[in-house]
Amino acid sequence: MSDTTTPISRRQFCAGACQVASCATLATLVSACAGEGSPTSPSGGSVSDLSVLQGRFANSRVQVTTTGTPLANVGGTARAESTAGLFLISRTSESAFTVIDGVCTHEGCTVSGATADQFVCPCHGSRYSLSGQVQQGPARANLRQYANTFADGVITITV
């Protein structure tokens with residue numbers, strides 16, 4: 001039997017070794033991104049996507065209807081979108097709501113997830129209390145709170 005293997009040059013060997021090392025490094029980085037800092041990791045609680053509601057902007061106010069939405073019940077949360085901005089809303093009692101800015105203070109991503117007691121940014125995992133205080137970074141600044149009123153199933157946010 002004849003030997004049909006072709007010897008490889010040192011250059012080919014080094015190039016192949018570098019490719020293997022690069023792939024190993026990339027695999028390590030990808031697995032690290034899915035680790036504890038991930039917004040959906042088990043250590044942070046189960047993150048659900050927020051329902052998106054449309055707000056109506058007029059006269060420096062945004063109105064959001066609660067009927068038939070998660071905000072119809074105490075403990076409900078949702079994101080409201082309007083031409084005046086994005087708002088995270090949580091119902092704290094039968095007649096009271098907390099309304100905060102819906103844009104993460106870290107890098108300006110739209111906050112789109114929530115656990116039972118936190119809003120979660122999908123970009124880098126920052127977590128905020130339902131009243132907007134940073135609970136976990138990388139964000140360092142709290143989310144702005146907005147004054148609001150509630151009557152006849154409509155939240156009115158003063159912007």
Side-chain angles (χ1 to χ4, degrees), residues 19 21-159:
Q19 287 176 344
S22 295
C23 288
T25 301
L26 183 60
T28 300
L29 290 173
V30 168
S31 67
C33 287
E36 239 178 273
S38 170
T40 58
S41 67
S43 64
S46 178
V47 178
S48 301
D49 288 336
L50 287 166
S51 293
V52 179
L53 309 176
Q54 294 305 308
R56 294 173 307 283
F57 177 64
N59 302 322
S60 300
R61 290 179 171 70
V62 174
Q63 292 188 319
V64 180
T65 301
T66 63
T67 307
T69 74
L71 298 175
N73 301 311
V74 174
T77 57
R79 185 175 81 227
E81 297 180 349
S82 76
T83 57
L86 302 172
F87 305 94
L88 304 174
I89 305 171
S90 57
R91 187 164 193 163
T92 57
S93 73
E94 286 299 320
S95 61
F97 294 82
T98 299
V99 180
I100 58 178
D101 194 19
V103 178
C104 182
T105 59
H106 175 239
E107 286 193 5
C109 293
T110 298
V111 178
S112 61
T115 65
D117 60 353
Q118 294 179 325
F119 289 111
V120 182
C121 179
C123 294
H124 300 104
S126 292
R127 291 174 179 259
Y128 300 90
S129 70
L130 297 181
S131 59
Q133 279 70 40
V134 174
Q135 302 291 299
Q136 173 183 314
R140 294 182 185 181
N142 296 332
L143 296 172
R144 177 182 171 195
Q145 280 197 12
Y146 292 90
N148 65 88
T149 57
F150 179 65
D152 301 321
V154 176
I155 305 165
T156 302
I157 305 163
T158 305
V159 291

- Mind listing the closest non-hydrogen atom pair of Phe57 and Ala84 along with its distance? CD1-CB, 3.4 Å
- Stepwise side-chain contact (heavy atoms from CB on, under 4.5 Å) check, Thr65 with Arg56: CA-CA 9 Å; Thr65 301; Arg56 294 173 307 283; 3.6 Å; yes
- Yes or no on side-chain contact (heavy atoms from CB on, under 4.5 Å) for Phe150 and Thr66, after CA distance, side-chain angles and deciding distance? CA-CA 10 Å; Phe150 179 65; Thr66 63; 3.7 Å; yes
- Roughly how far, to the nearest 0.5 Å, is CD of Gln54 from CD of Gln63? 14.5 Å
- OG on Ser90 to CG on Asp117, rounded to 0.5 Å: 11.0 Å
- Query: Does the Cys109 SG fall under 2.5 Å from that of Cys123?
  - Reply: yes
- Query: CZ of Arg79 to CD1 of Ile89: how many Å apart, nearest 0.5 Å?
  - Reply: 11.0 Å
- Query: Hey, mind stepping through Ser112 and Thr110 against side chain to side chain donor-acceptor pair (under 3.5 Å) and telling me if it holds?
  - Reply: CA-CA 6 Å; Ser112 61; Thr110 298; over 6 Å; no
- Note on the structure: Between Val111 and Tyr128, the two heavy atoms sitting closest are CG2-CE1, 4.5 Å
- Message: A side-chain contact here means heavy atoms from C-beta on lying under 4.5 Å apart; do Val47 and Arg127 qualify?
- Response: yes
- Message: Once rounded to the nearest 0.5 Å, what's the spacing between atom CD1 of Ile157 and atom CD1 of Ile100?
- Response: 11.0 Å
- Do the non-hydrogen side-chain atoms of Thr77 and Leu50 ever get within less than 4.5 Å of each other? yes
- Query: Okay, side chain of Thr105, backbone of Leu143: is any donor-acceptor separation there less than 3.5 Å?
  - Reply: no
- Would a distance-only check, ignoring hydrogens and angles, find a side-chain to backbone donor-acceptor pair under 3.5 Å from Arg91 to Leu71? yes
- Message: Nearest 0.5 angstrom please: Phe97 CZ to Thr92 OG1, how far?
- Response: 7.5 Å
- Smallest heavy-atom separation, Pro138 atom then His124 atom, equals CD-O, 3.5 Å
- Item | Heavy-atom donor-acceptor pair, Asn148 side chain to Thr156 backbone, under 3.5 Å | no
- Can you check whether Asp101 reaches Phe87 side chain to side chain, under 4.5 Å on heavy atoms? no
- Taking the side chain from Ser126 and the backbone from Ala139, do they hold a donor-acceptor pair closer than 3.5 Å? yes
- Task: Please determine, by modelled atom types, if Ser131 and Ser129 share a side-chain donor-acceptor pair under 3.5 angstrom.
- Result: yes
- Item | Residue pair Leu130 / Gln118: nearest heavy atoms and the distance that separates them | CD2-N, 3.9 Å
- Query: In Å, rounded to the nearest 0.5 Å, how long is the span from CZ of Arg61 to CD1 of Ile155?
  - Reply: 15.0 Å
